[in-house]
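A quick write-up on the structure given underneath.
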Amino acid sequence: MFKKNLESLRAYDPGPSVDAIKKIYGLKHMIKLDSNENVYGASPNVRDAIINDALLPELYPDCENTDLRLELSQRLSVKPEQFLFGAGLDEIIVLVSRAFLAAGDSIVMAWPTFYEYYCHAQIEGATTRKIPCDKNGKHDWKAMLHAIDATTKVVWICNPNNPTGTYLSKVELDQFIQNVPKNVLVVIDEAYIDFVTANDFPNGLDYLPTNDNVLILRTFSKSYGLASFRIGYAVGSLRIIEEIGKVRPPFNNPRLSQVAALAGLKDDDFKEKCLKKNREVLAMTTSFLDNKSIPYYDTQANFIYIKTSEPKQVALYCKENGFLINAFQDGVRVTIGKMEDMKTFLNVLEKALLETSAEPSN
Ligand SMILES: *Cc1c(COP(=O)(O)O)cnc(C)c1O
């Protein structure tokens with residue numbers, strides 16, 4: 001009765017709710033540092049825009065997302081027709097996989113990287129080549145190039161990469177894109193681009209005029225603090241956007257999500273303040289880790305990957321002490337929280353590393 005490709009997959013497990021965890025461990029407070037949400041919330045303009053909206057609950061929303069599309073088009077200097085909107089990037093990843101992949105096809109992606117690329121390749125019956133990140137947590141782009149063959153339809157680049165926070169420089173990504181065959185789609189997931197400070201970081205949009213096999217993904221979930229509204233977008237050549245448009249459900253962004261995203265987008269001030277605070281807390285965090293000789297990957301995002309041989313135990317210890325973080329194979333990913341929370345967290349983390357007598361894993 002069931003689809004064979006799904007055998008090896010499991011439904012996304014969000015774990016117990018924050019309220020449930022607080023009860024289990026008898027905690028008054030629980031700080032969420034596990035999903036890279038904006039710890040400063042969203043622009044106050046978003047709330048006003050929603051309250052003042054005409055609502056019109058009986059009508060389907062604008063299928064074209066017109067107002068947001070035009071505003072983004074102006075700000076990014078890209079034609080309005082080059083955008084495709086989704087219920088978060090999660091849905092865009094579904095749609096790209098739907099439109100491009102079938103049994104016998106393959107994708108190439110880094111490992112670790114954003115899990116959904118793999119999940120939806122699997123659902124479509126395609127195979128996945130997971131190319132391990134290098135010792136600095138970076139995409140091994142040369143090995144990724146080697147992994148491309150005649151079956152490869154899509155290559156996923158997550159820049160900066162989730163969960164490592166590392167990035168490919170402009171020089172590296174230039175070479176990568178030049179060498180990918182033009183009949184392979186290169187998707188560059190820039191969910192965290194707003195947090196980037198490195199001067200040699202490539203803006204994926206710059207590749208579009210000369211590479212019609214490149215697709216750029218961005219979201220309102222992270223720097224804009226609008227994760228609950230589920231809205232993200234792809235930017236690409238007309239032929240790619242039209243093709244993906246064939247598999248898009250027509251009314252996939254609720255009216256209020258469109259209103260919220262537009263209000264958030266226009267509040268440059270709020271975003272800048274969040275980014276500035278993120279930089280300050282990140283600097284405090286890395287100097288703490290350096291002082292204690294705790295190994296981590298250099299990050300360009302609003303999270304940091306801290307290496308440990310006992311990630312699960314470390315995450316559990318932190319949870320028991322009021323901080324939710326995420327465990328991976330050889331480290332934990334921690335969202336950069338507010339200054340005071342982060343100071344408390346780092347002391348908890350230091351204890352966690354000692355208690356679990358976890359040897360640094362590098
Ligand atoms: C958070 C995240 C997404 C998904 O974001 P949406 O909330 O679905 O827009 C996609 N890619 C990466 C790398 C992410 O970290």
Side-chain angles (χ1 to χ4, degrees), residues 12 14 32-39 41-42 46 65 68 72 83-98 107 109-121 128 130 133 137-139 154-168 173 185-196 201-202 204 215-236 244 248-249 252-254 256-258 260-262 264-265 271 274 278 297 299-305 324-326 328 331-336:
Y12 181 75
K32 263 178 85 16
L33 301 178
D34 63 329
S35 299
N36 306 335
E37 292 143 333
N38 189 330
V39 294
V46 168
N65 225 325
L68 184 60
L72 280 169
F83 292 89
L84 182 122
F85 293 88
L89 286 188
D90 283 348
E91 190 188 31
I92 302 272
I93 295 164
V94 173
L95 299 179
V96 169
S97 307
R98 195 90 244 243
I107 67 161
M109 62 185 251
W111 192 254
T113 190
F114 198 56
Y115 178 78
E116 305 289 307
Y117 314 148
Y118 158 75
C119 177
H120 294 287
T128 298
K130 293 177 181 169
C133 288
K138 279 179 63 168
H139 281 40
V154 181
V155 181
W156 296 90
I157 298 284
C158 189
N159 211 33
N161 187 37
N162 179 3
T164 58
T166 55
Y167 72 105
L168 287 182
L173 196 55
L185 179 70
V186 180
V187 187
I188 307 176
D189 182 339
E190 296 184 336
Y192 299 97
I193 191 167
D194 289 336
F195 298 100
V196 169
F201 189 90
L215 188 71
I216 307 303
L217 309 189
R218 296 193 180 171
T219 178
F220 286 93
S221 295
K222 309 285 162 55
S223 56
Y224 291 96
L226 297 174
S228 88
F229 285 100
R230 313 306 305 127
I231 186 158
Y233 57 94
V235 199
I244 305 171
R248 181 183 74 99
N252 57 345
N253 287 131
L256 282 184
S257 298
Q258 300 182 25
L262 184 61
L265 180 63
K271 193 172 81 174
C274 295
N278 183 67
Y297 289 137
T299 181
Q300 289 291 317
N302 67 336
F303 57 84
I304 188 161
Y305 192 93
L324 268 187
I325 62 173
N326 244 298
F328 287 83
V332 290
R333 190 197 65 200
V334 181
T335 304
I336 303 299

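Being a predicted model, the structure only gives us computed values, none of them experimental. Both counts, for ligands and for their atoms, begin at 1 and track the order of listing. Sequence positions, counted from 1, serve as the residue numbers for this chain.
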query = Would N161 and Y297 satisfy side chain to side chain donor-acceptor pair (under 3.5 Å), going step by step from the backbone distance to the final call?
reply = CA-CA 11 Å; N161 187 37; Y297 289 137; over 6 Å; no
task = List the steps, then state whether side chain to side chain contact (heavy atoms under 4.5 Å, CB included) holds for N36 with R333.
result = CA-CA 9 Å; N36 306 335; R333 190 197 65 200; 3.5 Å; yes
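Comparing F303, Y192, F114 against atom 15 (O) of ligand 1, the shortest heavy-atom distance belongs to Y192. Of the options I93, D90, T219, the smallest heavy-atom separation from atom 4 (C) of ligand 1 is shown by D90.
A227 does not count as a contact of ligand 1, since none of its heavy atoms falls under 4.0 Å from the ligand. For the pair R230 and ligand 1, a heavy-atom separation below 4.0 Å is found. At a 4.0 Å cut-off, at least one heavy atom of G88 sits close enough to ligand 1 to count as contact.
At a 4.0 Å heavy-atom cut-off, ligand 1 touches N162 through the side chain alone. Residue contacts with ligand 1, taken as heavy atom pairs separated by less than 4.0 Å, do not involve E91 at all.
Of the options R218, K271, K222, a side chain to side chain donor-acceptor pair (under 3.5 Å) to D194 is made by K271 and by none of the others.
For a threshold of 3.5 Å applied to N or O pairs, the pair formed by Y117 and ligand 1 contains no separation below that value. The shortest N or O to N or O distance between G232 and ligand 1 is not below 3.5 Å.
Close contacts of ligand 1 with C158, meaning ligand atoms under 4.0 Å from a residue heavy atom, involve 13 (C).
With rounding to the nearest 0.5 Å, the separation of CZ in F114 from CG in L89 is 7.5 Å. Atom OG1 of residue T299 and atom CZ of residue F195 lie 10.0 Å apart, to the nearest 0.5 angstrom. The structure places CH2 of W156 at 8.0 Å from CG of L215, a figure rounded to the nearest 0.5 Å.
In this pair, F85 and Y233 present their aromatic rings tilted. The plane angle is within the 30 to 60° band. Using bins of under 30°, 30° to 60° and over 60° for the plane-to-plane angle, the ring pair Y224/F220 lands in the tilted bin.
In this structure, Y192 has its ring center under 6.0 Å from that of F303.
The protein heavy-atom contact nearest to atom 7 (O) of ligand 1 is S221 OG, 2.5 Å. In this structure, atom 2 (C) of ligand 1 lies nearest to the protein heavy atom K222 NZ, 2.5 Å. Atom 11 (N) of ligand 1 has its closest protein heavy atom at D189 OD2, 2.6 Å.
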